Amino acid sequence: MRKWLPLTAVCLGAFMLLVDVTIVTVALPDMSADMASDTSFGGFAGLQWVMDVYALALAALLLGAGSLADRIGRRRVYLVGLGLFAAASLACGLATGPAALIAFRAVQGIGGAAMFATTMALLTASYQGRDRGVAFGVWGAVNGAAAAGPIIGGLLTEHFGWRWIFFINLPVSALAVYVTLKAVAESRNPHAGRLDLPGMATFTAAATAVTYAVIRVGENGWGSPTTLGLLGLGVAAFAAFVLVELRSTRPMLDLSLFRSRTFVAVMAAGLLLSGAAFSYLMYVSLWLQSAEGMSPVGAGLVLLPLSAAGFVVAAVAGRLLHAVPPRLTIGGGLLLIGFGALLQAWMLDAGDGWTALVPGLLVTGVGVGAATPALAATAMGAVAPARAGMAGGALNTARQLGTALGIAVLGVVFHAGLRSGLGEGGRGLAEPLASGGAGQVLAEAPSGAAREALTGLVEAAFASGLRETFLVSAAMGLAGAAAVFLLLRGGTPAAAAPLPRPRTRSTGAQDPAGAPAVRN
C-alpha cells in the first residue's frame, strides 16, 4: 500500500482545489446576507468576483507555475501551493469584510495553480508501466468526483455556516502535506530554462483587465470610459503577450502550436465548454435560494443531475468511445451542452420551480461527459510528444479562463434580463435581486394583493434573467461545436492524430518525457 501514497497526496490536493472552483456557488446568498451591511462588497459584482477571481488566478498562472516547477522542483512547488492554499483558506474563513474575502480567494487561486500544474508530473515521476495507468485512472476519477462541490458546499453552509467551506481545507491540506513529505520524491526537468516572467505578467494583465471590464459593465455600461479603457488595456496586454512569446527563445506558450487546426479546435472547445456548461450555475443558485427559498443543500441537489450525468458518461466514454473520432465526441458533446441550455430556456417560465431545469441539466451533463475525456487526448495528439505538457497546460488554462469569462459575460446578461423582466417601474429592484436579496425584498412587502403582485414580478424577473442567460450559454456551446466540426477534419481518433513538426528550440514548460499536463 505504501506505493500508492504519492497518488494519495496528489489526489488530496487535486480534489480540494477543483472542489473550490464550485463549492462557493451555493454559499453566495449566505455570504451576501452576512456582509450586506458592508457597501464595499459591491453587490452583484462582488458576488461575481468571489467566484471569478479564483478561476482567473488558476487560468493566469497555470503555465507559469508549471515552468517554475520544472525548474526548481515539482514536489517543492506542490508543497508551497498546498501551504499557500491552506493559509488563504483560513484567511477566507476569517475574513470580516468582502474586500479581504475576494483578495484571499485570489491567493487561494495562486496556491491552487501551483498544485494543479504539478499533479500529473508528480504522478509521472512516481509511477511506471501498469501502475502509472492505474494512478492516472484514479486521478481522473477524483477529478470527476470534484464536481460534487455544490453538494459539499451546501452541506457545510447549511449545517456549519459558509465559512466552513474554507475551514474544511485545513485538515485536508495538512494531511496532503504530511503524505507528500513522507512519500513523494522530488523531480525536475534538467533542461528547463528561465521563467517567462514577461509572458506571465502580460497574460495575467490581459485576462484580469478584460474580466474586470465585463463584470463592471452592469454598473458602468459598455460605452463608459472605464469599460473602454479596461478593454483597451486588455487588448494591449494580450498583444504584448503575443509579441513576448514570439520573441522568447523559451516561451511559456509556444504559439506555433496554433498552426495546428486540431489544437485551435481543442482550445476553442475547452474555452467555450466551460463557459457554456458551468458559468450559469452561480445565477441558478441565486434564484433557487433567494427567490425559491431553497436551502443550500437543496440548491446543490438541484445541480446534481449535471455533475452526476457528466461523471457517469465520462467514465463510460473513456472505455467505449476511445476509438470514435474526436470530431464526433467533442463536437457532439458541445452540441448537447448547447441543446441542454436551450431546453432550460424553453422550459423555464415565471412561477416554475426547479424541476423545469432538470431535463436540460441532464442533457448538458451528458454533453460534458462525452466531450471532456476526448479534449485532453486530442490536445496531446495534436502536438509533438515533447510539447504534450505545454499542450495540456494550455488546455487547462483555456478551460479555467472560459469559466472566468463566462461568469462575467453571463452576469451582464443575467442582470440585463432581470431589469427587463422587472419593467420600468421595478428596475430599482434589479441589484437587490441579483445580489441574493429576493427574500428580503418579499419579506418587506405589505401583505395581500400587493405582495402577490410583487412575488409575480420577482418570479417573472428571474425567469427573464435566467432565460437570457441560458440562451447565451447555448450560443457558446453551439459555437464551440461549430468550431470543432469546421476545424477537426477526417475521422482519425485522438490517439492516432498526426503530429505537426516541432520547433527546434526547447521550452521550460514541459516534462522531458513528454508527460501530459493536468486535465480538468
Side-chain angles (χ1 to χ4, degrees), residues 42 45 48-49 51-68 102-103 105-114 116-117 193-259 263-264 267-268 270-272 274-275 279 390-391 393-412 476 507-509 517:
Q48 287 178 286
W49 267 120
M51 286 285 295
D52 237 354
V53 74
Y54 182 82
L56 189 60
L58 277 176
L61 299 174
L62 266 173
L63 285 171
S67 298
L68 178 65
I102 293 170
R105 274 286 281 175
V107 178
Q108 204 184 26
I110 296 171
F116 204 14
R194 65 177 183 272
L195 290 178
D196 182 11
L197 294 177
M200 294 172 61
T202 50
F203 182 79
T204 302
T208 303
V210 171
T211 303
Y212 185 65
V214 177
I215 283 178
R216 301 303 300 182
V217 161
E219 179 179 326
N220 299 327
W222 283 107
S224 72
T226 301
T227 300
L228 294 176
L230 286 168
L231 290 175
L233 175 61
V235 171
F238 183 73
F241 168 74
V242 171
L243 290 175
V244 165
E245 298 307 282
L246 289 174
R247 293 171 62 89
S248 175
T249 56
R250 297 183 183 275
M252 181 176 74
L253 176 60
D254 188 345
L255 298 182
S256 69
L257 296 179
F258 289 91
R259 296 173 185 169
F263 187 77
V264 172
M267 293 302 106
L271 182 82
L272 292 169
S274 294
S279 296
M390 182 180 286
L395 174 60
N396 257 334
T397 297
R399 294 199 60 185
Q400 296 301 329
L401 189 60
T403 299
L405 291 175
I407 290 172
V409 170
L410 295 183
V412 174
M476 288 192 286
T507 73

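Just so we're clear, the structure is a prediction, and the values are computed from it rather than from any experiment.
Between the CZ atom of Arg105 and the CH2 atom of Trp49 there is a distance of 12.0 Å, given to the nearest 0.5 Å. Atom CG of Leu243 is separated from atom CZ of Phe238 by 10.5 Å, given to the nearest 0.5 angstrom. The structure places CG of Leu62 at 10.0 Å from CE of Met252, a figure rounded to the nearest 0.5 Å. The structure places CE of Met200 at 11.0 Å from CZ of Phe241, a figure rounded to the nearest 0.5 Å. Taking CD1 of Ile110 as the reference point, atom OH of Tyr54 lies at 11.5 Å (rounded to 0.5 Å).
Judged purely by atom type and a 3.5 angstrom limit, Thr202 uses its side chain to pair as donor or acceptor with the backbone of Gly199. Glu245 places no side-chain N or O within 3.5 Å of a backbone atom of Pro251 that could act as its donor or acceptor partner.
Contact of the Val214 side chain with the Leu405 side chain is not registered, since no non-hydrogen atoms from C-beta on lie closer than 4.5 Å. In this structure, the side chains of Ser248 and Leu246 stay at 4.5 Å or more apart for every pair of heavy atoms.
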Worksheet item: Please walk me through it: do Val244 and Phe203 pass side chain to side chain contact (heavy atoms under 4.5 Å, CB included)?
Response: CA-CA 10 Å; Val244 165; Phe203 182 79; over 6 Å; no

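The minimum heavy-atom distance linking Gly393 with Leu63 is given by the pair C-CD2, 3.7 Å. Across all non-hydrogen atoms, the minimal contact from Gly66 to Ala117 is N-CB, 3.5 Å. Summarising the geometry of Leu58 relative to Gly109, their closest heavy-atom pair is CD2-O, 3.8 Å, with the distance given to 0.1 Å. Here the closest heavy-atom approach between residue Phe116 and residue Gln400 is recorded as CE2-NE2, 4.1 Å. Residues Ala65 and Ala113 share a closest heavy-atom pair of CB-O, 3.8 Å. The nearest pair of heavy atoms linking Ala209 to Leu230 is CB-O, 3.6 Å.
Ring orientation note: the planes of Phe263 and Phe258 are nearly perpendicular, at an angle over 60° on the 30°/60° scale.
Under the side-chain contact (heavy atoms from CB on, under 4.5 Å) rule, Asp52 has a single partner from Thr403, Ile102, Thr211, which is Thr211. The only member of Leu395, Thr397, Leu401 that meets side-chain contact (heavy atoms from CB on, under 4.5 Å) when paired with Met267 is Leu395.
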